[in-house]
Amino acid sequence: MTPLDKYAASFLELSEKLTVLEWANKNVELSARITEQPGSYSTRLHPYVNEILECIADPHIKRVSLCWGSQTSKTTTFYVMLGHVIDQDPRAILWVFPNLALCKSFSSERWLPFCRESKALVKHLPRYIDGNIDADRFTLTKQEFSRCTMNLVGAGSAANVRSYPVSVLVLDEIDVIDERTRRECLDRIKGKHDYKVLQSSTPVSETGGIWQEFMEGDRRRFMMPCPKCKEPIIFRLKNDEGDLNIKWDEKANLSKTEYDLTLIQKTSFYVCEKCGGKIVDAHKTKMLRAGKWEPTSSSSEIGFRSYHLNSIYSPVITFGRVAVEYLKATAAPGAMQAFVNGWLAEPYKPEEGSIDPEKFKIVEQDYKRGEIKGEYRIIGADVQRSVFYWVVRGFDRDGTSWLVDHGTTVTFDDLQELANTYEAAYGIVDTAYRTQEIYEEIYNRRPFWFGARGWERLPHPYKMTGVDPFNPIKGQKKQKGQISILNINKDVWQGELLKRRNGTNLNWFTYKGTDSDYVRQLLSTNQKERTDRKGKVKFEWVVEGHKQDHYWDCETYILTLSHVFGLGGAVIRKGKDLAATDKAQPQPKRTPARPRKKSIWG
């Protein structure tokens, strides 16, 4: 029989009717470039995907949404489901990605190899008469299988999806897809009786696409029997009281902010919320195999299933690794949102919003204004038209800090005198206003002073750059030296200051009876959630009621500079596997604090 005859005969073959799981176990092969567990497909390590796989063949289930964390096998589950459609129940498929670049990358590195390596799919690939694959009909963005066509597109605009017929719609990482485009995609199955909608993402906010999908569905959670009390439980990071469910050897707690991460990795365990029993990593596989999905809402639309699963369930992630990632996120500026979204599969909700002025007293300690505190002092200044607002804060090496004094002054000479009075190690001053004047003042007093420039968008928490303060002026002779400008990611460092202001970090303090004007300015700035015209949820910084926020800016500059000099209270990393993350930091000039000097305020 010629290759063409074999190809023609394949249309007359009857496909064996199998469950989706049976089909996958029999036909799917995964290579090392597709998964970390290459070989014949098996759900042995991920038994929680069994129910999701069968959804694609159940005619009563129309919509499946996965609000899952990282490394939980959600993407692999989707392309196994689509493989079953192509082989067993062929229909037009549309797979939508956040952008075209990601679409092509995924298709090249994962989807097309999956099709070529699965014996049930390889027979459906388009071929020439000589039996070779027809590359014109099997491309990165379109595959014309023997009985159906699949299109992969980027969600750059709603127009990208309007021309495609679709019975099976897949939306990947929907929280980064424009909401109007997502709605346009969902309209493609309007009026169809036989359709499937598969959506997945790690959530970003409560009003984001995947969290709304989860809440609108039947909200299924994966329940497992505790190996100690046999009661059904779920894995979650914290209990209802806000305490961690993952514990470790207390010897790993070196101080309030420092930890031996290697010991934590080795000794962490999970505590059952029902009986308090100790659950170790060795229990996880057996618990997963005995687990089952339970709906927690009875008010959802018929045929709409939504599933939540965090990364603690992943068989390749230990309790110790979750604990370490959590501690690193609490210490690294701006990292907590990524941890909450990616690891816990939960929307990020800043805990630090507006607070009552009375609650500000949580950061007050019993010392006087003007009293020199800390091993090092940093002075920060915000520039206005005719005055400088300034703040002096003292730091210990572990990042604990105390407000020493604050106020306004008229000249830069006055600022320098204040720095001398409070024995400051360094100073940092805003350069966005009266720029050339401030540049020259910094130059004349270098290396003591740094310039500060805040940015709404910056790829890093901060970046230090050198600037020639005189070169921009035409006709001015170029100087030999430069000044140091600290470029600050405002979103990151205002978020860090918010934690300290509200007492979350427990290492940032003010003097007893803090001045009311300072308190008002520190409470003026807060982070608010809003939805833009495209339906995207964003967090933005708002200065409420047109209040002044000059002291807030000073504290932001000081906090950033303190981290540049390694005064941030960073997590101590122990062990060979973590040593590479420690980078040497420049050290500030140490000026030992005087033994309780009398305050200049009396």
Side-chain angles (χ1 to χ4, degrees), residues 1-18 20 23-35 38 40-41 53 56-57 75-97 99-155 160-172 185 188-189 192 194-198:
M1 183 181 290
T2 66
L4 180 60
D5 293 333
K6 292 180 180 180
Y7 183 58
S10 67
F11 286 89
L12 304 177
E13 293 178 0
L14 294 176
S15 296
E16 182 182 4
K17 291 299 181 182
L18 304 169
V20 182
W23 175 88
N25 289 338
K26 182 177 180 179
N27 294 286
V28 175
E29 291 287 331
L30 302 176
S31 67
R33 57 182 170 179
I34 296 176
T35 179
S40 298
Y41 180 76
L53 288 173
I56 197 68
T75 303
T76 302
T77 301
F78 271 3
Y79 57 71
V80 169
M81 294 168 77
L82 296 180
H84 181 271
V85 170
I86 294 166
D87 184 52
Q88 297 285 305
D89 188 16
R91 286 175 284 175
I93 303 170
L94 177 63
W95 198 336
V96 183
F97 293 83
N99 56 65
L100 185 58
L102 179 61
C103 167
K104 291 182 175 181
S105 173
F106 175 84
S107 181
S108 173
E109 297 174 9
R110 301 185 70 180
W111 173 247
L112 296 190
F114 170 73
C115 293
R116 294 189 185 100
E117 294 163 6
S118 296
K119 53 188 175 184
L121 298 187
V122 73
K123 64 184 180 182
H124 296 295
L125 302 184
R127 298 183 183 276
Y128 294 114
I129 294 177
D130 61 5
N132 293 321
I133 295 175
D134 186 344
D136 294 328
R137 297 167 58 210
F138 190 67
T139 68
L140 292 178
T141 57
K142 185 176 183 179
Q143 298 92 48
E144 298 181 34
F145 297 102
S146 60
R147 293 180 292 171
C148 66
T149 298
M150 177 172 175
N151 290 284
L152 296 88
V153 301
N160 287 357
V161 301
R162 288 173 183 161
S163 60
Y164 294 105
V166 56
S167 292
V168 178
L169 174 64
V170 184
L171 291 156
D172 205 9
C185 293
R188 302 305 301 157
I189 49 90
K192 292 183 178 291
D194 184 20
Y195 69 88
K196 297 284 184 184
V197 178
L198 310 178

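Keep in mind that what you see is a predicted model, and the values were worked out from it rather than measured.
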**Student:** Mind checking what makes side chain to side chain contact (heavy atoms under 4.5 Å, CB included) contact with K104, not counting sequence neighbours?
**Tutor:**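 Result, side chain to side chain contact (heavy atoms under 4.5 Å, CB included) vs K104: L100, L140, T141.
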
**Student:** Which residues satisfy the side-chain hydrogen bond (donor to acceptor under 3.5 Å, both in side chains) test with T139, sequence neighbours excluded?
**Tutor:** none

**Student:** Run the side chain to side chain contact (heavy atoms under 4.5 Å, CB included) test against N151 and tell me which residues pass, sequence neighbours left out.
**Tutor:**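 Partners of N151 under the side chain to side chain contact (heavy atoms under 4.5 Å, CB included) test: L94, K142, T149, Y164.
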
**Student:** If the condition is side-chain hydrogen bond (donor to acceptor under 3.5 Å, both in side chains), which residues does N25 pass it with, not counting sequence neighbours?
**Tutor:**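 So N25 forms no side-chain hydrogen bond (donor to acceptor under 3.5 Å, both in side chains) with any residue.
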
**Student:** Using 0.5 Å steps for rounding, measure from the CD1 atom of I93 to the SG atom of C148.
**Tutor:**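 Rounded to the nearest 0.5 Å, the CD1-SG separation comes out at 5.0 Å.
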
**Student:** Considering residues at least two apart in sequence or located in another chain, which fulfil the ring-ring contact (aromatic ring centres under 6.0 Å, His included) criterion with F138?
**Tutor:**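 None.
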
**Student:** Main chain of W23, side chain of N27: is a donor-acceptor contact present, judged purely on distance under 3.5 Å?
**Tutor:**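 Flag set: sc N27 to bb W23 pair under 3.5 Å.
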
**Student:** Between V80 and I56, is there a side-chain heavy-atom distance shorter than 4.5 Å?
**Tutor:**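 I56 does not reach V80 side chain to side chain.
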
**Student:** For S107 and Q143, what are the C-alpha separation, side-chain angles and deciding distance, and is it a side-chain contact (heavy atoms from CB on, under 4.5 Å)?
**Tutor:** CA-CA 10 Å; S107 181; Q143 298 92 48; 4.1 Å; yes

**Student:** Checking F97 now: which residues fulfil ring-ring contact (aromatic ring centres under 6.0 Å, His included) with it, not counting sequence neighbours?
**Tutor:** W95, F106

**Student:** Can you tell if the side chain of Y41 reaches within under 4.5 Å of the side chain of T76, non-hydrogen atoms only?
**Tutor:** yes

**Student:** If you take all heavy atoms of E29 and S40, which pair is closest and at what distance?
**Tutor:**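 Answer, listing the atom of E29 first, then S40: OE2-OG, 2.8 Å.
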
**Student:** Looking at residues at least two apart in the chain, or sitting in another chain, which of them share a salt bridge (Lys or Arg N to Asp or Glu O under 4.0 Å) with D89?
**Tutor:**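 In terms of salt bridge (Lys or Arg N to Asp or Glu O under 4.0 Å), with neighbours along the sequence ignored, D89 is linked to R91.
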
**Student:** With sequence neighbours left out, what residues match N99 under side-chain hydrogen bond (donor to acceptor under 3.5 Å, both in side chains)?
**Tutor:**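 N99 satisfies side-chain hydrogen bond (donor to acceptor under 3.5 Å, both in side chains) with no other residue.
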
**Student:** Can you list everything that forms a side-chain hydrogen bond (donor to acceptor under 3.5 Å, both in side chains) with D136? Sequence neighbours excluded, please.
**Tutor:** none

**Student:** Taking side chain to side chain contact (heavy atoms under 4.5 Å, CB included) as the test, write out the residues that go with A92, two or more places apart.
**Tutor:**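 Partners of A92 by the side chain to side chain contact (heavy atoms under 4.5 Å, CB included) criterion come out as none, since no residue qualifies.
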
**Student:** When rounded to the nearest 0.5 angstrom, what is the spacing between CG in L112 and CG in L121?
**Tutor:** 11.5 Å

**Student:** Is the shortest heavy-atom distance from the side chain of R127 to the side chain of I133 under 4.5 Å?
**Tutor:**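 Of all side-chain heavy-atom pairs linking I133 with R127, at least one is under 4.5 Å.
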
**Student:** Working to the nearest 0.5 Å, report the span between CG of L30 and OG of S118.
**Tutor:**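 Atom-to-atom, L30:CG and S118:OG are 7.0 Å apart.
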
**Student:** With the side chain counted from C-beta on, respond yes when F145 and L125 share a heavy-atom pair under 4.5 Å apart, and no when they do not.
**Tutor:** yes

**Student:** Backbone N or O of D87 within a donor-acceptor pair of the R147 side chain at under 3.5 Å?
**Tutor:** yes

**Student:** Within a strict 4.5 Å, meaning less than it, do heavy atoms of the Y79 and V28 side chains meet?
**Tutor:** no

**Student:** Is R110 close to T75 at the side-chain level, that is, under 4.5 Å between some pair of heavy atoms?
**Tutor:** yes

**Student:** So how far is it from L198 CG to L169 CG, rounded to the nearest 0.5 Å?
**Tutor:**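 If I round to the nearest 0.5 Å, the distance is 8.0 Å.
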
